[in-house]
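Order of the sequence lines fixes the chain letters, A, B, ..., with proteins taken first and strands second; residue numbering starts at 1 for each chain.
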Number of protein chains: 2
Amino acid sequence: MNSLTTYHSVAARLQSSIHSGELASGSKLPSERGICEQLGVSRVNARDALHFLEAQGLIYRLNRIGWFVSPAPFIYDPTQTHSLRDEARAQNRQLETELISANRTAAPAVIARKLELSATAAVLNVVRRRSVDGRWVLLESCYYREEDFPDLLSKDLTGSLNALVRDAYGFKKRRQDIGISSKPLNQTQAQQLQVREGSPALKLSRDLIVDGRCIVAETEHWLHDAIEMSIRGRTTAG
Amino acid sequence: MNSLTTYHSVAARLQSSIHSGELASGSKLPSERGICEQLGVSRVNARDALHFLEAQGLIYRLNRIGWFVSPAPFIYDPTQTHSLRDEARAQNRQLETELISANRTAAPAVIARKLELSATAAVLNVVRRRSVDGRWVLLESCYYREEDFPDLLSKDLTGSLNALVRDAYGFKKRRQDIGISSKPLNQTQAQQLQVREGSPALKLSRDLIVDGRCIVAETEHWLHDAIEMSIRGRTTAG
DNA sequence: AATCTCCTTTGGTCTATACCAGAAGTGGTA
DNA sequence: TACCACTTCTGGTATAGACCAAAGGAGATT
């Protein structure tokens, strides 16, 4: 079929408005019913078009509030350890951090394995969400071996946790193993980032290894349109 | 709302069948209309449930053929350079490669910039698709600076292109810069991997830098459920 | 055995409508 | 000015049905 289907046409119209600047970054799109009326299409077609653009990373939705034009993604090197806030500042973005919870809790099985703890061991868990330019885009959950991080929960947990690990606890010589996969948000995660359950996201796991032992296990869930990973390699002769 | 919505229930039923082994990895799910009849739900609910599971990476579809249970993802370190085929063998997987095209072509603007070529310069382009255990999961497109790779198109392009770069062309000391983002497949890409346009995928770009110059620009599109990236860091003191 | 034709099955697209429930807006009141 | 109640707006969920078009299967033919 050479001609576009209806929802493709609707998507193309909206995309064109975005690229032309008529719909600026961060601005709200017409409502679903508004699109139906303006373009004379059914609501299913309007929704399919919006879902298509969402999958492309061009728009995002706030749950039951509306659809918005996605800003440019945040450029992020997950293998680096410097402060995310500094990274954002370098990109003319503004990063804010909100501590959601910090407590001593039973380790989930996966975390217990990574931290080489028994199934019933306790760990220290810090959960934070972060916004870029006012939009919640990242939910992070960090698990710490209690014995390696005494008094962790009494420290300022809204700054660079990496800096804490290095400076306050002295773990200077360490390695990070990183996992990256596509993983939509579950209901709890979605609620924290003000989006719908099932919203597309990238899951990033980071294990901090010191002397061959994993002492911190971290999971980051990034809204998929908000991030672009960029890893600068090092010269090898292999 | 504490109770599940209808399509969530349908998804939960299917997911339970998958986890119990009743629906084995790689096996075909009941058709959409079959699910409607069996569970007494509308086709919209059946489809929503399937889309939900697809987003989770649990199932995949072959275009107009049916839905299938996703096998375990292939574990892939994009920062390493050894042969994908060897990597697959190490994971008891079977990787096949099919050359789609290899030709001298005008460089797309993005590629021209990376390779530091003028807008009208020609490059050598190699396009391949790769399957894991018989399922097309990866579409890769590599662009080479013509002057750095004379006679490239007359070589065997179904093996390790990395090995070619290193051994046949002598570029031993090099660096790779990698980009990772979430990017669904366009119509052409989807067709090559036998899936529907818009299927969720991870886009991986890799620039090969030698003596400060980019000599190869590569793009890989992986079906999102078929891959899990795992990057082993190196010990730093930072 | 290979090819061709026809039929069936499959997901894709579309229509119109209705109702739910969360979020915000508005106006009134203290 | 702050709070509350109500309304409106928003996306979410669901129904029933129809038709399209690609892919494969089956049977016939060469």
Side-chain angles (χ1 to χ4, degrees), chain A residues 1-12 14 27-55 59-68 135-136 184-188 190-200, chain B residues 1-12 14 27-55 59-68 135-136 184-188 190-200:
Chain A
M1 175 188 293
N2 284 336
S3 60
L4 281 175
T5 59
T6 303
Y7 84 85
H8 273 95
S9 298
V10 174
L14 294 170
S27 63
K28 191 170 184 290
L29 270 68
S31 70
E32 291 177 8
R33 291 174 182 84
I35 293 171
C36 294
E37 286 164 24
Q38 286 171 40
L39 302 186
V41 299
S42 72
R43 193 162 158 231
V44 167
N45 269 290
R47 283 175 66 78
D48 280 356
L50 292 164
H51 292 159
F52 179 85
L53 295 176
E54 177 186 39
I59 63 176
Y60 68 92
R61 70 181 118 172
L62 292 181
N63 206 14
R64 301 181 192 271
I65 297 179
W67 293 90
F68 298 80
R135 176 192 175 204
W136 299 114
L185 300 173
N186 67 28
Q187 192 166 9
T188 307
Q191 191 177 18
Q192 289 295 349
L193 301 184
Q194 270 187 316
V195 297
R196 180 197 191 221
E197 176 196 9
S199 289
Chain B
M1 171 189 296
N2 284 337
S3 60
L4 280 174
T5 59
T6 303
Y7 83 85
H8 274 96
S9 299
V10 174
L14 294 170
S27 63
K28 191 169 184 291
L29 270 68
S31 69
E32 292 179 6
R33 292 174 180 85
I35 292 170
C36 294
E37 287 164 22
Q38 286 171 36
L39 301 188
V41 298
S42 72
R43 193 162 160 233
V44 167
N45 270 292
R47 283 176 65 78
D48 279 357
L50 292 164
H51 292 160
F52 180 84
L53 295 175
E54 176 185 42
I59 64 176
Y60 68 94
R61 71 181 117 172
L62 291 180
N63 206 17
R64 300 179 191 272
I65 296 178
W67 293 90
F68 298 80
R135 176 193 175 203
W136 299 114
L185 299 174
N186 67 28
Q187 193 167 8
T188 306
Q191 191 178 19
Q192 289 295 350
L193 301 183
Q194 272 185 315
V195 295
R196 182 198 191 220
E197 177 196 10
S199 289

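- Taking atom CZ on B/R61 and atom P on D/dA22, their separation rounds to 16 Å, with Å as the unit.
- For C/dT13, neither phosphate oxygen OP1 nor OP2 lies less than 4.0 angstrom from any side-chain nitrogen or oxygen of A/T6.
- Between B/L29 atom CG and C/dG11 atom C1' the separation is 13 Å, expressed in whole Å.
- Summarising the geometry, atom OH belonging to A/Y60 is positioned 9.5 Å from atom CD belonging to A/Q194; distances are rounded to the nearest 0.5 Å.
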Can you tabulate the close N/O pairs, meaning under 3.5 Å, that link protein atoms to atoms of nucleotides 7-10 of chain C?
none

Item checked: From CA spacing to verdict: side chain to side chain contact (heavy atoms under 4.5 Å, CB included), A/L50, A/E32 -> CA-CA 8 Å; A/L50 292 164; A/E32 291 177 8; 3.6 Å; yes
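- Between B/A49 and B/A11, the shortest heavy-atom contact is CB-N, 3.6 Å.
- Atom CD in B/E197 sits about 19 Å away from atom P in C/dG11, given to the nearest Å.
- Nearest-nucleotide positions on DNA chain C for A/Q194 and A/H8 put A/H8 closer to the 5' end.
- Distance alone, capped at 3.5 Å, is enough to place a donor-acceptor pair between the A/S9 side chain and the A/T5 backbone.
- Contacts of residues 36-51 of chain B with DNA chain D (heavy atom under 4.0 Å): B/S42, B/R43, B/V44, B/N45.
- You'll find the side chain of A/V195 stays beyond 4.5 Å of the side chain of A/N63, heavy atoms only.
- Side-chain contact check for A/W67 and A/E54: no donor-acceptor pair (N or O, by modelled atom type) lies under 3.5 Å.
- Rounded to a whole Å, the CG atom of A/N63 is 6 Å from the P atom of D/dG12.
- Geometric assessment of A/R61 against the ring of A/F68 yields a negative cation-pi assignment under the 6.0 Å and 45° thresholds.
- Between its opening and closing five pairs, the helix from C/dA1-D/dT30 to C/dA30-D/dT1 changes axis direction by 30°, a value rounded to 10 degrees.
- Using a 4.5 Å heavy-atom cutoff, the side chains of A/I35 and A/L14 are in contact.
- Taking the side chain as every heavy atom from C-beta outward, B/E197 and A/H8 approach each other to under 4.5 Å.
- Rounding to the nearest 0.5 Å gives a distance of 12.0 Å between CZ of B/R196 and CG of B/L185.
- Between A/Y7 and C/dT13, a side-chain N or O to OP1/OP2 separation shorter than 4.0 Å is present.
- Going from atom OH of A/Y7 over to atom CG of A/D48 covers 6.5 Å, rounded to the nearest 0.5 Å.
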